[in-house]
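Have a look at the structure below, then the notes.
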Amino acid sequence: MSGFTKWRRSEEASGWLLVSPTLVYSILMLAAPLAMVVALSFWTQDYLQLDKTFTLKNYIEAWSEPIYQTLMGRSLKISAFVTALTILLAFPVAYYVSFYVPQKRKPLWIFLITIPFWTSYLMRIFLWKVILGYNGVVNGSLLGLGLIEQPLSFILYNQNAVVVTLAHAWVPFAILPIFVALEKIDRSLLEAAEDLGDGPLRRFIRVTLPLAMPGVVAATVIVFIPTIGDYVTPRLVGGPNGLMISNMIELQFKKANNAPLGAALALSAMFLVSVISLIFVWLNRKYLVGQK
Amino acid sequence: MKSGKWFKLYIAVFLVFLYAPALLLPVFAFNDSSIVSFPLKGFTLNWFNVLWETEALHEATKNSLLIAVSTAIISTSLGILAARASSRYKFRGQKAVMGFIMIPLVLPEIIVGVSLLVVIVQMGFDLSLWTIVLGHVLICTPFCVAILSSAFLNLDQSLEEASFDLGQTKLATFWLVTMPLVLPGVVSSMLISFTISLDEFIIAFFLAGTEPTLPVYIWGQLRFPQKLPSLMALGTILLILSLTLLATAEYFRRRSARKTGIEDAGGFL
């Protein structure tokens, strides 16, 4: 048997051959386009004419113009708030399903939690407008209960509305990884903590929470990175002061016809969220190792 | 016991928060008022009739169905290859390759949309329904790989070995033994990618040419207040459709788990 036929029949080759169509697709449709966006961000565009001389002009503009600085800062802030709110909402639910729901019913509960995620994305966001609006559900209920005399106007068309709507959209994605992490916890460790005299709160802080942290970290990354890219939610419920960087990216690619600047903005946003996520993951690793 | 009570109360409030939009959708779809707000006026089926009479909507639905079916078939095929490779074989660089294939799961959709748009425009191609399929396959494949990997991992390898011992070829074994066992996983993967594609807006908005998909059509209509009640009716139909598809997917996923003799661990994702 020649060297090649031998290699061809090896496990190594079988694996590579089998995975190659999917891998090639990802390279062609993901890696190559991303490389193209990187190249584009160093070019300039004058209406439809593309000038391919290397320049840092787009990045200088993206990082120094006050409007882009404001949008970028606001987007990072909103994404951070969304992530924090999502985790705070999700943790007790994941904990409840993992520790209180009988084993047999857990799949049903997880299914119930993921259902709202499958309501039409645009409709879901639009309905938050109905819920939070001037004549909306929240104002209607509060008026009906006599808790307020005038409809509240500060709950729609601002950053709070964006945070609530995005948190609603992403909460199932946060519950799942936290639930998986909680399920992996060896229950005898909790009994051990109890036997050694820890009360419920101490036991939670010293045993359950550190062991659940990998799930929390995964949830943070899964929620934080994609929320920066949402331009529908800010547009529908954000009002003028709730717009985010993605609205600007969309504008540059579509109406403003300045794709290179849009590319520079998109890559800058991706760079910032990735760096922040990596720092967060690194801090957690360090902190968790310290716990041991 | 008192803390348990508070806990249950929180879960109840959370579920109301989670389900609020989904529950309001049918409420306004049947509400006899051209304004989408409270108080409710009365019962009507009028908004559903409006849908049957809107030609543009029918075109958009056809486009979306074509895209969703193509996406389901292609991404599931790519998913089968990758999931089989990663669960059956060990090869160098496996983790990196699989990680790379799964990246679209955490990538903002706007990045996927923008980068594909740039390439398509630079290469001089026209935007069409097929350019949307390219983007949708990219974001659906990771979901397919996740579902199918668990189907392949749960597979008892001795069944395949028995088939080899009885003289079947590799390909025949795959079709006669492996495929029937993972078929529920395949069906579940197709249904999930179909559902994701049908509802996807951000990428479709960037890559749509002159023919809109259903969400792109809905986005265009959201600006007109008089169109909103009929959109609620449309949303209700889509919700029922998604739920039916998902319940079917869940049924097949569980059957897959049962068939391969593994205790059900729950959840798609």
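Quick note on labels: first sequence line is chain A, next is B, and so on, each numbered from 1.
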(message) Taking every non-hydrogen pair under 4.5 Å, which of Leu50(A), Ile115(A), Ile249(A) racks up the most with chain B?
(response) Ile115(A)
(request) Name the member of Leu238(B), Ile80(B), Val114(B), Val112(B) that forms the most heavy-atom pairs with chain A at distances under 4.5 Å. (result) Val114(B)
(request) Using the six-membered ring of Phe179(A), assess whether NZ or CZ of Lys184(A) lies under 6.0 Å from its centre and within 45 degrees of the ring axis. (result) no
(message) Between Ser150(B) and Ile147(B) (side chain of the first, backbone of the second, donor and acceptor by atom type, cut-off under 3.5 Å), is there such a pair?
(response) yes
(request) Give, as side chain, backbone, both or neither, the part of Val164(A) having an atom under 4.5 angstrom from any heavy atom of chain B. (result) both
(request) Name the region of Ile175(A), side chain, backbone, both or neither, that has any atom closer than 4.5 Å to a heavy atom of chain B. (result) side chain
(request) Measure across Cys144(B) and Gly79(B) and return the closest heavy-atom pair with its distance rounded to 0.1 Å. (result) CB-CA, 4.2 Å
(message) Determine whether Glu11(A) and Arg88(B) satisfy the following criterion, salt bridge (Lys or Arg N to Asp or Glu O under 4.0 Å), listing intermediate values before the conclusion.
(response) CA-CA 9 Å; Glu11(A) 190 172 320; Arg88(B) 176 72 176 74; 5.7 Å; no
(request) Go through the atoms of Arg105(A) and report whether side chain, backbone, both or neither lie under 4.5 Å from a heavy atom of chain B. (result) neither
(message) Let's test your reading of the structure: which of Val118(B), Val119(B), Asp199(B) forms the most heavy-atom pairs below 4.5 Å with chain A?
(response) Asp199(B)
(message) Which atoms of Glu200(B) are under 4.5 Å from chain A, going by heavy atoms: the side chain, the backbone, both sets, or neither?
(response) neither
(message) Between Arg92(B) and Glu12(A) (salt bridge meaning N to carboxylate O under 4.0 Å), is one present in this structure?
(response) yes
(request) Say whether Glu160(B) and Thr178(B), considering side chains only, have a donor N or O and an acceptor N or O under 3.5 Å apart. (result) yes
(request) Under 4.5 Å heavy-atom distance to chain B, tell me which part of Val171(A) shows up: side chain, backbone, both or neither. (result) side chain
(request) Measure Leu228(B) against the heavy atoms of chain A and call it side chain, backbone, both or neither at under 4.5 Å. (result) side chain
(message) Counting only non-hydrogen atoms closer than 4.5 Å, does Val97(A) touch chain B with its backbone (N, CA, C, O), its side chain (CB onward), both, or neither?
(response) neither
(message) Quick check on the 6.0 Å ring-centre criterion: do Trp109(A) and Tyr96(A) meet it?
(response) yes
(message) Donor-acceptor check, side chain of His136(B) to backbone of Ala68(B), threshold 3.5 angstrom: yes or no?
(response) no
(message) Between Ile103(B) and chain A, with a heavy-atom cut-off of 4.5 Å, which part of the residue counts as in contact: side chain, backbone, both or neither?
(response) side chain
(request) For chain A, find which of Val145(B), Ile218(B), Leu134(B) contributes the most heavy-atom pairs closer than 4.5 angstrom. (result) Leu134(B)
(request) Answer yes or no for Lys254(A) and Phe205(B): cation-pi contact, defined as NZ/CZ to six-membered ring centre under 6.0 Å and angle to ring axis within 45°. (result) yes
(message) Out of Pro92(A), Pro21(A), Gly140(A), Ser20(A), return the one with the most heavy atom pairs under 4.5 angstrom to chain B.
(response) Pro92(A)
(message) Any side-chain to backbone donor/acceptor pair from Ser230(B) onto Lys227(B)? Under 3.5 Å, distance only.
(response) yes
(request) Establish, from distance only, whether the side-chain atoms of Ser189(B) and Thr76(B) form a donor-acceptor pair under 3.5 Å. (result) yes
(request) Rounded to the nearest 0.5 Å, what's the gap from CG on Leu166(A) to OG on Ser79(A)? Could you check? (result) 7.5 Å
(message) I'd like to know which of Leu239(B), Thr195(B), Ile202(B), Leu23(B) tops the heavy-atom pair count under 4.5 Å against chain A.
(response) Ile202(B)
(request) Against chain B, work out which of Phe224(A), Tyr121(A), Tyr231(A) has the most heavy-atom pairs shorter than 4.5 Å and name it. (result) Tyr231(A)
(message) Please classify the contact of Ala266(A) with chain B as side chain, backbone, both or neither, using a heavy-atom distance under 4.5 Å.
(response) both
(request) Can you label the angle between the Phe173(A) ring and the Trp170(A) ring as parallel, tilted or perpendicular, going by 30° and 60°? (result) tilted
(request) Could you look at Leu28(A) and say if it's the side chain, the backbone, both or neither that has a heavy atom under 4.5 Å from chain B? (result) neither
(request) Tell me, for Ile101(B) versus chain A, whether the close heavy atoms (under 4.5 Å) come from the side chain, the backbone, both or neither. (result) both
(message) We want to know whether Thr227(A) and Asp230(A) form a side-chain donor-acceptor pair, criterion being a heavy-atom distance below 3.5 angstrom.
(response) no
(request) For chain B, find which of Lys104(A), Met270(A), Glu183(A) contributes the most heavy-atom pairs closer than 4.5 angstrom. (result) Met270(A)
(request) Against chain B, label Leu112(A) side chain, backbone, both or neither, depending on which of its atoms sit under 4.5 Å from a heavy atom there. (result) both
(request) For residues Phe17(B) and Trp128(A), establish whether the separation of their ring centroids is below 6.0 Å. (result) yes
(request) Measure from NZ or CZ of Lys129(A) to the centre of the six-membered ring of Phe126(A) and say whether it is under 6.0 Å with the direction within 45° of the ring axis. (result) no
(message) Has Gln94(B) got a side-chain atom pairing as donor or acceptor with Gly15(A)'s backbone, closer than 3.5 angstrom?
(response) no
(request) Pick one of side chain, backbone, both or neither for Ala31(A), based on which atoms fall under 4.5 Å of a heavy atom in chain B. (result) both
(message) Taking every non-hydrogen pair under 4.5 Å, which of Leu81(B), Leu116(B), Leu214(B) racks up the most with chain A?
(response) Leu81(B)
(request) Under 4.5 Å, counting heavy-atom pairs only, tell me which of Val223(A), Ile222(A), Val232(A) racks up the most with chain B. (result) Val232(A)
(request) Go through the atoms of Ile11(B) and report whether side chain, backbone, both or neither lie under 4.5 Å from a heavy atom of chain A. (result) side chain
(request) Please look at Phe206(B) and chain A and tell me whether the side chain, the backbone, both or neither of the residue comes under 4.5 angstrom of a heavy atom of that chain. (result) both
(message) Quick check on Met29(A) against chain B: is it the side chain, the backbone, both or neither that has a heavy atom closer than 4.5 Å?
(response) both
(request) Measure Ile120(B) against the heavy atoms of chain A and call it side chain, backbone, both or neither at under 4.5 Å. (result) neither
(request) Look at Ile125(A), Val221(A), Val137(A) and state which one has the largest set of heavy-atom pairs under 4.5 Å with chain B. (result) Val137(A)
(request) Counting only heavy atoms closer than 4.5 Å, note whether Tyr10(B) contacts chain A via side chain, backbone, both or neither. (result) side chain
(message) Other residues, nucleotides and ligands only: do more than 12 of their heavy atoms fall within 6.0 Å of CZ on Phe125(B)?
(response) no
(request) Sort out for me which of Val106(B), Leu117(B), Leu105(B) touches chain A most, counting heavy-atom pairs under 4.5 Å. (result) Val106(B)
(request) Examine whether an atom of Ile228(A) lies under 4.5 Å from a heavy atom of chain B, and if so say whether it belongs to the side chain, the backbone or both; otherwise answer neither. (result) side chain
(message) Report which part of Leu40(A) has an atom under 4.5 Å of a heavy atom belonging to chain B: side chain, backbone, both, or neither.
(response) side chain
